[in-house]
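Each remark here refers to the structure printed beneath this line.
Remember, predicted model here, so these are calculated numbers, not experimental data. Atoms considered below: every heavy atom in the structure, side chains included; atoms not considered: hydrogens, waters and symmetry mates.
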Amino acid sequence: MANNNNNPSPDKNPMPPRLHSMSPAAPRFSLPKLQQDQIPSPSLRTPNLVSPLNGVPMGSPAPQMSTPPGPPVFSSPVRPAAVPFRTSPATPQQVPFSPAPSLQVSSSPHYSNGSTELQRQVSEVIDGDSMYVGESPYVLFSAHKVLKQKKQANVASLGFGALVSPGREISLGPQVIQRDPHRCHNCGAYANIYCHILIGSGQWQCVICRNLNGSEGEYVAPTKEELCNFPELSSPLVDYIQTGNKRPSFVPASDSRASAPIILVIDECLDEPHLQHLQSSLHAFVESIPPTTRIGIILYGRTVSVYDFSEESVASADVLPGDKSPNKESLKSLLLGTGLYLSPMHASLKVAHDIFSSLRPYKLNVPEASRDRCLGAAVEFALAIIQGPSAEFSRGVVKRVGGNSRVIVCAGGPTTYGPGSVPYSQSHQNYPHMEKTALKFMEHLGREAHRQNTVVDILCAGTCPVRVPILQPLSKSSGGVLVLHDDFGEAFGVNLQRASTRAAGSHGLLDIRCSDDVLIAQVVGPGEEAHIDTHETFKNDSALSIQLLSVEETQSFALFMETKREIKTDFVFFQFAIQYSNVYQADISRVITVRLPTIDSVSEYLASVQDEVAAVLIAKKTLLRAKNQTNAIDMRATMDERVKDIALKFGSQVPKSKLYRFPKELPLLPEILFHLKRGPLLGSIVGHEDERSVLRNLFLNASFDLSLRMVAPRCLMHREGGTFEELPAYDLAMQSDTAVVLDHGTDVFIWLGAELAADEVKSAAALAACRTLAEELTELRFPAPRILAFKEGSSQARYFVSRLIAAHKDPPYEQEARFPQLRTLTTEQRTKLKSSFIHFDDPSFCEWMRSLKVAPPEPT
């Protein structure tokens with residue numbers, strides 16, 4: 001760590017327990033240039049990326065990394081339908097693994113071993129009638145087919161790519177194989193369902209490089225049906241549990257997770273109202289976590305207080321200076337003393353409650369933003385406690401535990417004291433230099449946490465600016481997440497619990513291999529390019545390797561691809577191999593193989609495009625460039641140009657008009673992009689730049705489900721009988737006699753019409769139903785959204801109105817076509833609805849499209 005100063009030995013500071021207070025709740029890889037906020041790789045000339053020996057021409061641009069931070073998750077894509085009240089969220093449409101009537105390749109490769117019999121002797125694993133046709137919950141492609149023509153396939157405005165969720169957990173998970181996988185000796189790819197097998201010799205042909213490999217006789221079989229007994233040859237998705245390890249392969253016991261501790265790092269500079277909310281959230285938190293989980297508690301202000309669980313009758317802490325990084329002497333005094341700083345929850349629950357009850361509000365008459373907070377030093381002490389006293393003798397070797405340890409910071413203001421701090425005022429003459437030093441320190445501290453398999457989540461709350469740009473590198477570099485909350489109440493408490501319990505693997509590595517015709521041009525997600533030389537094992541391994549900062553269900557990587565040349569084969573192949581250690585210390589290799597057909601027909605290609613996946617990929621690429629408000633304004637203009645270019649390249653001209661019609665095969669895409677342009681990610685809805693920065697970083701790493709919701713809100717209208725009708729997110733839904741739920745990813749709004757609100761009984765029932773639905777839609781989501789409820793005409797209703805498309809400005813026939821629910825209203829209700837709107841300049845979706853000289857697609 002930083003300076004080796006002679007800190008005094010820690011002092012014991014006994015504090016008598018008080019009564020409980022009660023209260024109300026990318027690495028990015030980027031091409032062809034490194035963006036400014038990228039972490040540049042020391043070298044992009046690694047053999048496994050651009051060596052001419054492995055089949056990649058020297059002129060090929062190398063993928064470059066793009067990174068933001070942490071997680072989130074799951075609600076269903078928009079589908080117009082009546083949704084029964086406690087319905088489960090629908091799953092997104094995923095890539096079907098196309099059936100294979102013949103596993104023959106279209107061109108005959110030359111084999112140096114003289115295997116000329118391959119094409120006639122090859123035995124397909126499974127014939128077309130019995131081929132497993134599944135969907136991968138881990139990989140979503142923007143199209144289910146690939147254009148053969150390079151120029152058409154590489155139209156940048158539409159693009160082609162995939163979203164990969166390496167750590168996603170599903171109820172019916174992949175088949176488990178407890179043996180080492182068969183891998184191609186040439187490129188390192190794994191044997192899979194699409195391989196050609198010579199059942200007489202057991203040889204298999206790699207789908208990536210076409211090399212013929214032996215299987216040590218394992219794939220020798222009397223009939224092709226016998227090969228179905230091998231999971232990797234009958235399913236496109238398998239998990240290998242590595243054997244022959246220094247540790248047991250699999251420990252299916254929940255208690256084995258106890259080895260990964262949680263340390264709470266709590267801001268003690270809070271005023272009384274905030275402190276009361278925080279105490280309630282902390283009391284609920286310790287009641288919710290498993291009894292075997294080891295917990296630590298640290299407070300920080302001008303000093304760092306490390307709480308000692310060895311005292312059962314009082315809440316006592318070792319108090320250490322926060323003005324400098326801890327040196328060896330102070331750490332030795334702390335770690336080799338008699339204190340117990342990590343304790344299983346079952347043994348320390350009462351002490352934890354006593355500690356939280358003993359917290360006191362800030363007493364000095366100092367503004368919130370000017371109070372001394374030594375967050376950097378507090379996190380350094382937390383990492384030292386997790387590593388333990390053996391660290392001094394381990395020479396930097398980090399002990400391996402099940403999954404990632406967690407440090408959860410509860411912050412109410414900026415870091416203004418000690419390492420990683422900045423002055424109270426941005427007008428300080430030395431502020432730019434101190435800010436640069438603080439950023440460097442926080443990034444180094446985050447990387448050190450990652451090296452120790454510790455994730456740092458920073459949960460901020462209150463109205464005091466926390467200087468997000470200073471804190472972001474700490475959470476981002478460790479694989480954690482930074483979240484802003486209005487207060488320390490309900491949403492904060494839920495996120496505190498979900499942060500501690502979300503499953504996380506460690507030592508993650510994602511290898512991506514694809515057919516030689518395809519180039520991975522850019523990757524956005526929570527990882528960094530890994531320079532791994534595998535050529536001693538595999539002669540021509542051209543895989544793109546990504547080191548994962550953490551392996552969590554709520555994350556995804558966005559891959560942007562191009563074709564290198566005209567494609568001559570009937571299929572292209574993609575293989576994703578995720579290697580990680582799960583929370584039970586088992587080494588997992590998850591292998592996903594995808595085969596997509598190639599076609600000449602543009603209309604057939606457009607019909608295979610998945611509008612929502614394509615829109616999320618476009619949004620991630622756009623947000624990567626929108627680093628600040630000025631960039632965001634520029635990116636809004638690129639949405640206009642993108643829509644015009646798609647219409648020009650793939651649409652058709654409207655007869656007797658200068659308008660181009662947007663492709664009918666992509667009915668949802670332009671409206672989702674319109675939501676992106678005007679919503680909180682790019683638009684002017686979010687007031688403070690810190691908030692937009694947090695949303696941006698969250699979005700760049702988010703899973704498909706949350707990403708889609710953050711771009712395009714989901715609108716559900718409450719109906720009699722406890723059902724909800726799903727409607728387009730238009731202002732026409734603001735009907736005075738109804739209640740509406742709007743799910744916008746990180747926020748869920750409940751709007752009660754004035755007519756409904758006037759009836760106390762009905763409005764109470766509708767509000768309760770809407771709250772229950774909101775909680776069900778977001779029960780797996782991290783970070784948990786804030787849920788706001790308000791009445792029509794209230795000041796808070798502007799949050800709701802600003803996220804809806806102003807369709808009231810469209811002519812009646814267009815309103816009915818795009819919002820069919822209007823047809824169920826009486827003439828009087830239509831008139832009342834029309835008169836309720838206030839005129840403003842925001843265009844409707846149709847007005848926006850026509851301003852671009854593009855005719856909107858027909859509604860579905």
Side-chain angles (χ1 to χ4, degrees), residues 78 80 636 639 668 670-680 682-687 711-720 724-744 747-759 762-763 766-767 770 788-852 855-856 858-859:
V78 179
R636 290 178 214 164
M639 285 296 102
L668 303 177
E671 189 169 308
I672 298 174
L673 296 183
F674 184 52
H675 276 297
L676 171 65
K677 176 180 175 174
R678 61 190 301 278
L682 284 183
S684 53
I685 290 175
V686 174
V711 173
R714 186 184 186 194
C715 182
L716 299 124
M717 180 180 285
H718 180 253
R719 290 301 190 195
E720 295 293 332
F724 284 84
E725 181 181 3
E726 186 153 0
L727 300 170
Y730 292 175
D731 60 1
L732 298 172
M734 296 193 301
Q735 297 164 22
S736 194
D737 60 343
T738 63
V740 178
V741 176
L742 190 76
D743 179 3
H744 211 164
D747 295 282
V748 178
F749 304 104
I750 299 171
W751 180 89
L752 298 176
E755 194 176 314
L756 175 67
D759 187 326
K762 281 189 176 180
S763 65
L767 179 59
C770 290
L788 296 178
F790 36 74
K791 297 177 183 177
E792 179 181 5
S794 66
S795 62
Q796 280 191 316
R798 69 186 188 277
Y799 296 123
F800 175 78
V801 177
S802 63
R803 287 163 161 80
L804 298 174
I805 291 174
H808 73 274
K809 303 172 77 174
D810 293 330
Y813 72 89
E814 206 147 50
Q815 291 178 355
E816 288 189 10
R818 297 185 179 278
F819 201 90
Q821 187 266 350
L822 284 181
R823 298 171 190 153
T824 66
L825 303 184
T826 64
T827 305
E828 184 184 351
Q829 288 173 320
R830 292 278 293 263
T831 305
K832 188 188 294 185
L833 177 63
K834 183 177 180 180
S835 64
S836 69
F837 295 112
I838 300 170
H839 176 76
F840 50 91
D841 295 333
D842 202 17
S844 71
F845 167 65
C846 294
E847 287 177 331
W848 173 66
M849 290 289 284
R850 291 193 180 98
S851 73
L852 304 178
E858 294 298 321

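In this structure A766 satisfies the side chain to side chain contact (heavy atoms under 4.5 Å, CB included) test together with H718, A739, L756, sequence neighbours excluded. Residues satisfying the salt bridge (charged side-chain N to carboxylate O under 4.0 Å, His left out) test with D759, not counting sequence neighbours, are none. For F749, there are no ring pair (Phe, Tyr, Trp, His ring centres under 6.0 Å) partners two or more places apart in sequence or in a different chain. Partners of R798 by salt bridge (charged side-chain N to carboxylate O under 4.0 Å, His left out), not counting sequence neighbours: none found. Applying the side-chain hydrogen bond (donor to acceptor under 3.5 Å, both in side chains) rule to R636 yields no partners; only residues at least two apart in sequence or on another chain are considered. Residues passing the salt bridge (charged side-chain N to carboxylate O under 4.0 Å, His left out) test with E816 are R823, R830, sequence neighbours excluded. Partners of S794 by side chain to side chain contact (heavy atoms under 4.5 Å, CB included), not counting sequence neighbours, listed by chain and number: F790, Q796, A797. In this structure E755 satisfies the side chain to side chain contact (heavy atoms under 4.5 Å, CB included) test together with S736, D737, K832, sequence neighbours excluded. Taking the ring pair (Phe, Tyr, Trp, His ring centres under 6.0 Å) definition, one finds that H675 meets it with nothing, sequence neighbours left out. For the side chain to side chain contact (heavy atoms under 4.5 Å, CB included) test, residues two or more places apart in sequence or in another chain that qualify with S851 are W848. Residues satisfying the side-chain hydrogen bond (donor to acceptor under 3.5 Å, both in side chains) test with Y799, not counting sequence neighbours, are none. Contacts of D731 classified as salt bridge (charged side-chain N to carboxylate O under 4.0 Å, His left out), with partners at least two apart in sequence or in another chain: none.
Taking CG of L752 as the reference point, atom SG of C770 lies at 6.5 Å (rounded to 0.5 Å). A distance of 9.0 Å separates CG of D842 from CD1 of I805, quoted to the nearest 0.5 Å. Here SG of C715 is found 6.0 Å from CG of L804. Values are rounded to the nearest 0.5 Å. Here L742 contributes atom CG and L727 contributes atom CG; the two are 11.0 Å apart, rounded to the nearest 0.5 Å. K791 NZ to L767 CG: the interatomic distance, rounded to the nearest 0.5 Å, is 9.5 Å. Between the CD atom of E847 and the CG atom of D841 there is a distance of 10.5 Å, given to the nearest 0.5 Å.
Scanning both residues, M734 and F837, for their nearest heavy atoms gives CE-CE2, 3.8 Å. Heavy atoms only, all atoms of each residue included: P843 and A806 are closest at O-CB, 4.4 Å. The shortest heavy-atom contact between W751 and T738 is CZ3-O, 3.9 Å. Looking at every heavy atom in both residues, Q815 comes nearest to H808 through NE2-O, 3.1 Å. The two residues D810 and C846 have their closest heavy-atom pair at OD1-CB, 3.9 Å. Nearest heavy-atom pair, F845 versus P856, reported as atom, atom and distance to 0.1 Å: CE2-CB, 4.0 Å.
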Could you walk me through whether Q829 and Q735 pass the side chain to side chain contact (heavy atoms under 4.5 Å, CB included) test, one step at a time? CA-CA 8 Å; Q829 288 173 320; Q735 297 164 22; over 6 Å; no

Start with the C-alpha distance between L822 and L732, add both sets of side-chain angles, then the distance that settles side chain to side chain contact (heavy atoms under 4.5 Å, CB included), and finish with yes or no. CA-CA 8 Å; L822 284 181; L732 298 172; 3.7 Å; yes

Chi angles and distances behind the side chain to side chain contact (heavy atoms under 4.5 Å, CB included) call for L833, L825: CA-CA 10 Å; L833 177 63; L825 303 184; 4.2 Å; yes

Derivation of the salt bridge (Lys or Arg N to Asp or Glu O under 4.0 Å) call for K834 and E828: CA-CA 10 Å; K834 183 177 180 180; E828 184 184 351; over 6 Å; no

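At least one side-chain heavy atom of R803 sits under 4.5 Å from a side-chain heavy atom of P680. Using a 4.5 Å heavy-atom threshold, the side chains of P670 and M849 count as touching. The shortest side-chain heavy-atom distance between H744 and R714 does not fall under the 4.5 Å cut-off.
Formation of a donor-acceptor pair under 3.5 Å by the E792 side chain with backbone atoms of A754 is found in this model. In this structure a side-chain-to-backbone donor-acceptor pair under 3.5 Å is missing from K677 to I672.
Side-chain N/O atoms of Y730 and E671 include a donor and acceptor closer than 3.5 Å.
Taking the ring centre of F674 as origin, the terminal cationic atom of R678 falls inside the region bounded by 6.0 Å and 45° from the ring axis.
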